[in-house]
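Quick caveat, the model's predicted, so the values are computed rather than measured. Naming: A, B, ... by sequence-line order, numbering from 1 per chain.
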Amino acid sequence: MDDVTAILDHMNPAQREAVSAPQGNMLVLAGAGSGKTRVLVHRIAWLMQAEGLSPYAVLGVTFTNKAAREMRTRLEALLGISLRNVWVGTFHSIAHRLLRTHWQDARLPQHFQIIDSDDQLRLVKRLLKDHRIDDERFPPRQVQSFISGCKEEGLRPHQVDAHGDAYLAQMVELYERYQLTCERGGLVDFGELLLRSLELLRDNPALLAHYQERFGHVLVDEFQDTNTLQYAWLKLLTGMKTPMTVVGDDDQSIYGWRGARIENIRRFEQEFPATRTVRLEQNYRSTSAILDAANALIRHNAGRMGKELWTEGARGEPISVYSGFNDLDEARFIVDTIREKVEEGINRREIAILYRSNAQSRVLEETLIRQGVPYRIYGGQRFYERLEIKNALAYLRLLLNRDDDASLERVINVPARGIGTRTVEVLRTRARQTEVSLWQALHDGLLDASLKGRAATAVRAFADLIERLDNDTAGLALHEIIDHVIETSGLIEHHRSEKGEKGQARVENLEELVTAAKAFTQGEAFEPPEAGEGAVALEGFLSEAALNAGDHEAEEFEDCVQLMTLHSAKGLEFPVVFIAGVEEGLFPHKMSMEEPGRLEEERRLCYVGLTRAMRKLYLTHAELRRLHGKETFQRASRFLRELPEETLEEVRLRGQISRPVTARPAVGLSRQTSVDGGGELPSLSLGQRVSHPVFGEGVILNAEGEGERARVQVSFEGEGDKWLVLGFAKLKPL
DNA sequence: GCAAGAAGACTTTTT
DNA sequence: GTCTTCTTGC
């Protein structure tokens, strides 16, 4: 690229301003579908070509590996050069890089291991058991989130003030013990990566100076998702002198419950000197009907930075609102509509069904299966989080570090080799009392014969196995090491003998792990491995596995309808979008309805959902829903009422006839889908309570036909569901 | 040591 | 309703 202004080609004025602003702090408020990534990438290119910034002086920070990967690839495509050594990565991968490079200054063992939240939870559980702490009063998950929460606020145990509160004091003590366990095992959790690297920089002025000097510009994506620790980290790293470009959207902040601080956006504007704020409001994704609805919805939130999406594009179709009798009917409507769309020539992959909570997917899936519509679910378990993979990784971790108690405990009896809970208990007690690792305790126990008989034989066999694996794999390539370990440890055989498809899949996954290792050494991985083989490569591979848990989306075999939660839909777009279960208590979720702040986050989540749709949006809800095995009456979500009437149309039964919404509160609230049979027949509506001389009281679920022959399906208390012909059954409305 | 059965939970999940 | 976790019994 010779002419730098080419970088600004085909950009709107706001985008141009964001890309070509002179070095200095800048906040880009980037609305959904406003070309955010493009601006970020072009901004970097501009800084390099117009301002002469060296590629090595760039630090690009994202939240997900996917975003980092995309930023890197697009930048490489734009500039036409390889940017392998440029620092673009997630907060965690960058912190990791710092800690690996300066492990001594960070007071970490050279071969420290990264543990994911799953490992962390196991560790906490064990801790509670070891200390005989009531896990009713201190649920492991709560303890875990307390620990992570502290770290995310940048707090070490001694910095947490319990205010004489015994409960809190216990939590702090657990945090302290947890930390001790991690230190002893050379384990670093996600929060620790950031906190430790912050402390590393804070406590080593020379190092800090070095990095502050090195980075000429720092760019941060999804700034509304930063937590307190990440904000502090950025502040420290830049010394508030290195210019920053941060991109974010306060209206799309949906991770507050995980510690993200939406107010960091405003804080940035206020605290960092001379911040220029640019708004990207032109939307290139959705029709104006959809944008109008989204704008109107989000206007109900207070304290926004202020932003209004607009488009040069067409008005498009109105948003269709469908009110089902129950969740099955809702699903049927969605799937019927999808089949119509597919017949019209739309690809299934262009259609997404979004929902608030995972439990909702079941009914949708069943309906899709019944109607033979291929689909795939985003989310769910990721590759490196699978049981068999974690087991394999645990063996590998033991090769590098025998003192990794969590890993040892994980596989000491997998596959079963006669080491029961009893024996493990003995080892644990001993380890705790003598303050050594399980591995050490195991050897001590064998030496002084406190382990004897069958237990001793089994334990010795395990110890020998680990040593043998280590010896046998010395000098092998990474994928050969892994292949050897899963074979010799008996893991593969263990899963092969498992019955059903599950075992088959697990064997395949283990084989896939070997393939992944091959790819990793060949540099296909996101974080380029440092040169090296054997143990060095293994260490890199294990870190990569923890930090980049594998693709979230299942393999795409064919053209599939996409199902996912609203949270996982963030950042994606689809021509046709269904949002299911738009009901009070579900969306907004009842757990978030009380506090205004959390309700606003639900509204932002809804805003995110609406803005995923490019051409056509459907909002559906059910009047009766099976939730946790109980049938509950549902009211339409308040969010529906917050959308402007003129952007909506109500879809009637069978999804064929539609008419504009005329009077409020027509949308869902009291939809008079009258099934009245004329004459003397009672006027009934779906969801209405009725009484029958024989069956007693019930609720109308469904209806079909007209006049005397009309039938209604009624759910009677104690009698179950029945179809009754209106002309005969003596139903009285209640 | 394992399998079956009971009991309880059950919002969202970037690393 | 269904998934996971824990207990109990063989």
A/Phe268 vs A/Met244, test: side-chain contact (heavy atoms from CB on, under 4.5 Å). Steps then yes/no.
CA-CA 10 Å; A/Phe268 177 80; A/Met244 279 218 267; 3.5 Å; yes
Less than 3.5 Å apart, which donor and acceptor atoms pair up between the side chains of residues 588-595 of chain A and the rest of the protein, not counting sequence neighbours?
{"unit_1": "A/His589", "atom_1": "ND1", "unit_2": "A/Met591", "atom_2": "N", "d": "3.0"}
{"unit_1": "A/Ser592", "atom_1": "OG", "unit_2": "A/Glu602", "atom_2": "OE2", "d": "3.2"}

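- Residue contacts shown for A/Gly418 are limited to sugar-phosphate atoms, with no base heavy atom under 4.0 Å away.
- A/Ala416 comes within contact range of the sugar-phosphate backbone alone, with a heavy-atom separation under 4.0 Å but no base atom that close.
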What protein N or O atoms touch nucleotides 9-12 of chain B N or O atoms at under 3.5 angstrom, if any, and at what distances?
{"unit_1": "B/dT11", "atom_1": "O4'", "unit_2": "A/His589", "atom_2": "NE2", "d": "3.1"}
{"unit_1": "B/dT11", "atom_1": "O2", "unit_2": "A/Arg356", "atom_2": "NH1", "d": "2.7"}
{"unit_1": "B/dT11", "atom_1": "O2", "unit_2": "A/Arg356", "atom_2": "NH2", "d": "2.3"}
{"unit_1": "B/dT11", "atom_1": "O4", "unit_2": "A/Arg598", "atom_2": "NH2", "d": "2.3"}
{"unit_1": "B/dT12", "atom_1": "OP1", "unit_2": "A/Asn358", "atom_2": "N", "d": "2.6"}
{"unit_1": "B/dT12", "atom_1": "OP1", "unit_2": "A/Asn358", "atom_2": "ND2", "d": "2.9"}
{"unit_1": "B/dT12", "atom_1": "O4'", "unit_2": "A/Arg356", "atom_2": "NH2", "d": "3.1"}
{"unit_1": "B/dT12", "atom_1": "O2", "unit_2": "A/Trp257", "atom_2": "NE1", "d": "3.4"}
{"unit_1": "B/dT12", "atom_1": "O2", "unit_2": "A/Arg356", "atom_2": "NH2", "d": "2.5"}

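- Rounded to an integer number of Å, the gap from A/Gln252 CD to B/dT14 C1' is 14 Å.
- Side-chain contact of A/Gln142 with A/Gln144: a donor-acceptor pair under 3.5 Å is absent, judged by distance alone.
- Distance, A/Arg122 CZ to C/dT4 C1': 14 Å, rounded to whole Å.
- Taking atom C1' in both C/dC6 and B/dT11, one finds a spacing of 24 Å when rounded to whole Å.
- B/dT12 and C/dT5 have their C1' atoms separated by 22 Å, with the value rounded to a whole Å.
- B/dT14 sits 25 Å from C/dC3 when the C1' atoms are compared, rounded to a whole Å.
- Annotation: cation-pi pair A/Arg598/A/Trp257 absent, no NZ/CZ under 6.0 Å from the ring centroid and within 45° of its normal.
- Remark: aromatic rings of A/His567 and A/Tyr255 are close, center separation under 6.0 Å.
- OP1 or OP2 of C/dG1 has not a single side-chain nitrogen or oxygen of A/Arg362 nearer than 4.0 Å.
- Contact annotation for A/Ser117: base contact, defined as any heavy-atom pair under 4.0 Å involving a base atom.
- Aromatic ring centres of A/Tyr231 and A/Trp233: separated by at least 6.0 Å.
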